[in-house]
Amino acid sequence: MSTDTTAPAATPDGDALPFRYGAGLAAQIERSWQDRWEDEGTFHTPNPSGPWADPQALGGDKVYLMDMFPYPSGSGLHVGHPLGFIGTDVLGRYLRMNGRTVLHAMGFDAFGLPAEQYAVQTGTHPRKTTEDNIQRYKAQLRQLGLAHDERRSFATTDVEFYRWTQWIFLQIYNSWYDPQLQKARPIAELEAEYAAGKRGPWAELSRVEQRQVIDDHRLAYISEAAVNWCPGLGTVLANEEVTADGRSDRGNFPVFRRNLKQWMMRITAYSDRLVADLDRLDWPDSVKAMQRNWVGRSEGAQVRFGCGDAAIEVFTTRPDTLFGATYMVLAPEHPLVDVIAPAAWPAGTDERWTNGTATPADAVTAYRAAAARKSELDRQENKDKTGVFTGAYATNPVNGEQIPVFVADYVLMGYGTGAIMAVPGQDQRDWDFATAFGLPVIRTVQPTEGFDGEAFTGDGPAINSANAEIDLNGLGVDEAKRTITAWLVEKGDGESVTQYKLRDWLFSRQRYWGEPFPVVWDSDGMPVPLPDDQLPVELPEIDDYAPTAHDPDDANSEPEPPLSRNEDWVNVELDLGDGPKHYRRETNTMPQWAGSCWYYLRYLDPANTERFCDREVEEYWLGKDPSRANDPGGVDLYVGGVEHAVLHLLYSRFWHKVLYDLGHVSSEEPFRRLFNQGYIQAFAYTDSRGQYVPAEEVTGDEASGFTWNNAPVRREYGKMGKSLKNVVTPDEMCERYGADTFRLYEMSTGPMDVSRPWSTRDVVGSQRFLQRVWRNLVDERTGEVRVSDAEPEADTLRALHKAIAGVHADFEALHYNTAAAKLIELNNHLTKAYAGAGVPRSVAEPLVLMMAPLTPHIAEELWAKLGHDGSLAYGPFPVADEQYLVADTVEYPIQVNGKVRSRITVAADATQDEVKAAALADEKVAAALDGKEPRKLIVVPGRLVNVVL
RNA sequence: GCCGGCGUACUCCAACUGGCAGAGAGGCGGCACUUAGAAUGCCGACAGUGCGGGUUCGAAUCCCGUCGCCGGCACCA
């Protein structure tokens, strides 16, 4: 073989290897196979029913694979984006070759703020820029050779798609959550219950009042409440879209709390199920933890403290500490603050409690004003406790103690009841406040021996906790909680409750580029859902789609939806069953998450014009698997970045559960298995002024320092981005090396879930491997295949079957890096064993088949050259033959006291005793033993022998 | 502060369920081929697994402590 590769030297024109595998040949091969796959519909996946019904073709177990679909931004893809897409493609191809029926498609998440901002910047309509971007993405993805069923592609901006987004909205709107049955039910059933007099006043209410009663129960409802208003973006945002320091997730603009009338979704009704069903999902622990944390379920008790004529309700997770409650705190916004404050300070009020004000009303007013001025950030940064006495005292229900009631901003109106009982002995925040205000501390849990901290939050026996009727002393925390809660319930002073941090989902945006709501407003100012036959409500093609510009810091600016400017569209006359009437259309649009909440359902049945997805088709692809315990159903594998841990993935689960409750889907969860792929990161370089310089032009290394244009630059590591001047695109890689090389490189640099740096200069290593395989099977001068029909040697067969067995396990575990390593190893063996002689066909063919998931184009080409007519996309994938996996003899390392001292070779089927005998007979072992008996002799079959002296 | 995760060669990564620390890629050094460069082939060096303890015949792997890094949450009662 070396004669072949050195042949070019003998040829004068220097172009002697027209069939050497390089970028040029790769491009040719890749284009032709991509065309062929498309022409032949190689990756079209049949359905059990509907237009693509082909039940015959649905052999083997089905697998539904999905990527988190991309947002088609104006800057196109960089090499980091396709990492997950290639990963799912490799798995899909592997499974397909193993006889599984694989569904894999790719759509586009195309509504949303950035598309609109980009459109405003470029002065082009978002519909146009979005469609251009999608075309560009499709071209970029196609050149990677992804085995998608392209018939199933769509964008969330397609009218035929968002018509069903609107339809699902109406399903949610037209339902309510029945807490008894723990599920959503059609709103008509609730109305019937009211009409039958089973639920409260009805007949005596006016029609509008009746509608209000019903509307208050809907899962999608209008609320006028404090929401996140972001003038910089000109829209309101969901809690999930606001960062911890009170700014917008996108754009980093300030966000203000404002009372505004907005659409909400009652996701809180599903709090329990959203937490409980996490246990049924095969998801990373980190994501489950984040969702649990976000829902923030905590169990405790609600307790009433009498205060004059009023009662202050508090939520506590520690009712066992009630005897240690020495004061109470209301949130500044709490409505009882005004009610309970007396006209004057009680005699002898501590100076520290009044802030130097003349009356409680003054104190409270001033404190409230100060609290309102503080931003979220101020509240967080300054954790020194502030507050002021209300002048009122409340009665502790367990011991009748009169305890002072304060207002303080460390208590939040948005959680629990907005009021707390303060137990400084068992809560550090209360301890800090009590210390600052000279309030007493009563410990009610015995701290552990040697405890020298302040508040004690651990477990221990209760102390100082008894009254005439009840005695908690000596009980552990859990038992004390149960005991006191039962007592409170009996006395009518409290009950056991569960609290959540989760808030309802703010569902409207004052933007143009989103799904219009299928809702109109009538002359009573009440919302009216449109009937299904009036869907879709199309987004009007308007010229003035830009959001109203606001000063980002102007908290008092007013949201103004762009659609409201279009009076012709807004004002409609419709006959909604009671004659033609005038209505105004809802002018808000849905948030970007709406489409992604259900898109996985649309891939299943994208051509369906009657339903969002045929029920039978849904059941086939997403249905519960009875062979798995407690399986909730859902997509078999969903791959994407961890950044959607609580946004998209929580919203989507919520919608799916509503659809399940209403009987529209058979599965209880959208995504059975979730996998977070790592990120491809990159180095960026800044010059002395802190400006980014083109990363590609930087030279040097860590030891000698990095320079650009001979000036030293500083290296940083992180994202790939235009502004960082370190973007590498898949287009460049395909052009320089070919898609197969690029795919292989991305898959071989590490396991799927590990983030790693991009390194263009390493890509050549993957190219070299493909080149070596090609050279082993193809004559680089003639392009002729050159395999032999000879029987492979025994060691080759062992190498082959070892590779087959290993690669199966690796592909299944998404360890493509080690799969690639095993293929390289096998090919290295072939290079050595058959240099110049031609690789036996019976080894060449399985090698090519095993490469196909990773590098499909070159594999198809080699498969064809080996004389096969059809595509190898459907396999068969090689199966390892057990007989070649066991060697005749085994080499055992012999350890003496855990250190390798010698090696012996014994028959593979030797018994333990035979191995022991052989080990003891070894001269080095004998020397070490020096005639003595070993203390212990351990034989690990097939592994090693350890002699313990 | 709380929760989750990760520390193995110059770099990215392997090492089945505790069993010989090295599969693969890049880089580096050398040899062959070559007018030269590139490409190609061959050969080679480089870590005892962040640190300290423990369990074990045996620890990268399990346990305890500690340091460092990444991510999430955070005055949530």
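Every chain is numbered from 1 and lettered A, B, ... according to where its sequence line falls, protein lines coming before strand lines. As the structure is a prediction and not an experimental result, all values here were calculated from the model.
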Worksheet entry | Contact list for residues 800-814 of chain A, test salt bridge (Lys or Arg N to Asp or Glu O under 4.0 Å), sequence neighbours left out | A:Asp810-A:Lys822
Item to complete: Answer with base, sugar-phosphate or nothing: what part of the nucleic acid does A:Val314 contact at a heavy-atom distance below 4.0 Å?
Response: nothing
Worksheet entry | Under 3.5 Å donor-acceptor, A:Tyr367 side chain and A:Thr386 backbone | yes
Worksheet item: With rounding to whole Å, what would you report as the distance between B:G1 and B:A59 at their P atoms?
Response: 34 Å
Worksheet item: When rounded to the nearest 0.5 angstrom, what is the spacing between OH in A:Tyr685 and CZ in A:Arg715?
Response: 5.5 Å
Practice prompt. Give A:Pro284 one of three labels, base, sugar-phosphate or nothing, depending on what nucleic acid heavy atoms sit under 4.0 Å from its own.
Written response: nothing
Protein N or O to nucleotides 54-57 of chain B N or O, pairs below 3.5 Å:
| unit_1 | atom_1 | unit_2 | atom_2 | d |
| --- | --- | --- | --- | --- |
| B:C57 | OP1 | A:Lys936 | NZ | 3.3 |
| B:C57 | O2' | A:Asn946 | ND2 | 3.4 |
| B:C57 | O2 | A:Asn946 | ND2 | 2.4 |

Please list each protein N or O that sits under 3.5 Å from an N or O in nucleotides 60-65 of chain B, with the distance.
none

Discussion item. A:Gln428: which residues meet the side-chain hydrogen bond (donor to acceptor under 3.5 Å, both in side chains) condition with it, sequence neighbours left out?
Written reply: A:Asp432, A:Glu454
Worksheet entry | Between CG on residue A:Asn827 and CZ on residue A:Phe769, distance to nearest 0.5 Å | 5.0 Å
Worksheet item: Between B:G26, B:G72, B:C75, which nucleotide gets closest to the side-chain atoms of A:Met290?
Response: B:G72
Discussion item. When you measure from the centre of the six-membered ring of A:Tyr410, is the NZ or CZ of A:Lys385 closer than 6.0 Å and no more than 45° off the axis?
Written reply: yes
Item to complete: In whole angstrom, give me the gap between the P atoms of B:G65 and B:G4.
Response: 14 Å
Fill in: Watson-Crick or G-U pairs under 3.5 Å in RNA chain B, rendered as dot-bracket with [ ] for crossing pairs and | for another strand
(((((((..((((.....[..).))).(((((.......))))).....(((((..]....))))))))))))....
Worksheet item: Which whole number of Å gives the distance between the C1' atom of B:G30 and that of B:C46?
Response: 15 Å
Discussion item. Both A:Arg756 and A:Gly416 contact RNA chain B. Which one's nearest nucleotide lies toward the 5' end?
Written reply: A:Arg756
Worksheet item: Want to settle it: does A:Val754 or A:Ala820 sit nearer the 5' end of RNA chain B, counting the closest nucleotide to each?
Response: A:Val754
Worksheet item: Under 4.0 angstrom, heavy atoms only, what part of the nucleic acid is A:Ile824 near: base, sugar-phosphate, or nothing?
Response: sugar-phosphate
Worksheet item: Does A:Arg775 make a side-chain N or O approach to OP1 or OP2 of B:G41 shorter than 4.0 Å?
Response: yes
Discussion item. Before you tell me yes or no, could you show the steps for A:Thr796 and A:Tyr834 under side chain to side chain donor-acceptor pair (under 3.5 Å), namely the whole-Å CA-CA distance, both residues' side-chain angles and the distance that decides it to 0.1 Å?
Written reply: CA-CA 10 Å; A:Thr796 298; A:Tyr834 298 98; 3.2 Å; yes
Worksheet item: If you look at every strand shown and take non-hydrogen atoms under 4.0 Å, does A:Thr316 touch a base, only sugar-phosphate, or nothing?
Response: sugar-phosphate
Worksheet item: Any side-chain N or O of A:Arg768 less than 4.0 Å from the OP1 or OP2 oxygen of B:G26?
Response: yes
Worksheet item: Picking from A:Leu330, A:Leu336, A:Val329, A:Val337, what satisfies side chain to side chain contact (heavy atoms under 4.5 Å, CB included) with A:Val405?
Response: A:Leu330
Worksheet item: Hey, are A:Arg304 and A:Glu495 close enough for a salt bridge, meaning a charged N less than 4.0 Å from a carboxylate O?
Response: yes
Worksheet item: At their closest point, which heavy atom of A:Thr268 faces which heavy atom of A:Ser271, and how far apart are they?
Response: O-OG, 2.7 Å
Worksheet item: Tell me, do A:Trp758 and A:Met720 make a side-chain contact under 4.5 Å, heavy atoms counted?
Response: yes
Practice prompt. Rounded to whole angstrom, note down the C1' distance from B:G18 over to B:C57.
Written response: 12 Å
Worksheet item: How would you list, by chain and number, every residue that makes a side chain to side chain contact (heavy atoms under 4.5 Å, CB included) with A:Thr435, sequence neighbours excluded?
Response: A:Trp431
Discussion item. Any base atoms under 4.0 Å from A:Ser766, or only sugar-phosphate, or nothing? Heavy atoms, all strands.
Written reply: nothing
Discussion item. Tell me the interatomic distance from A:Leu770, atom CG, to B:G24, atom C1', rounded to whole angstroms.
Written reply: 14 Å
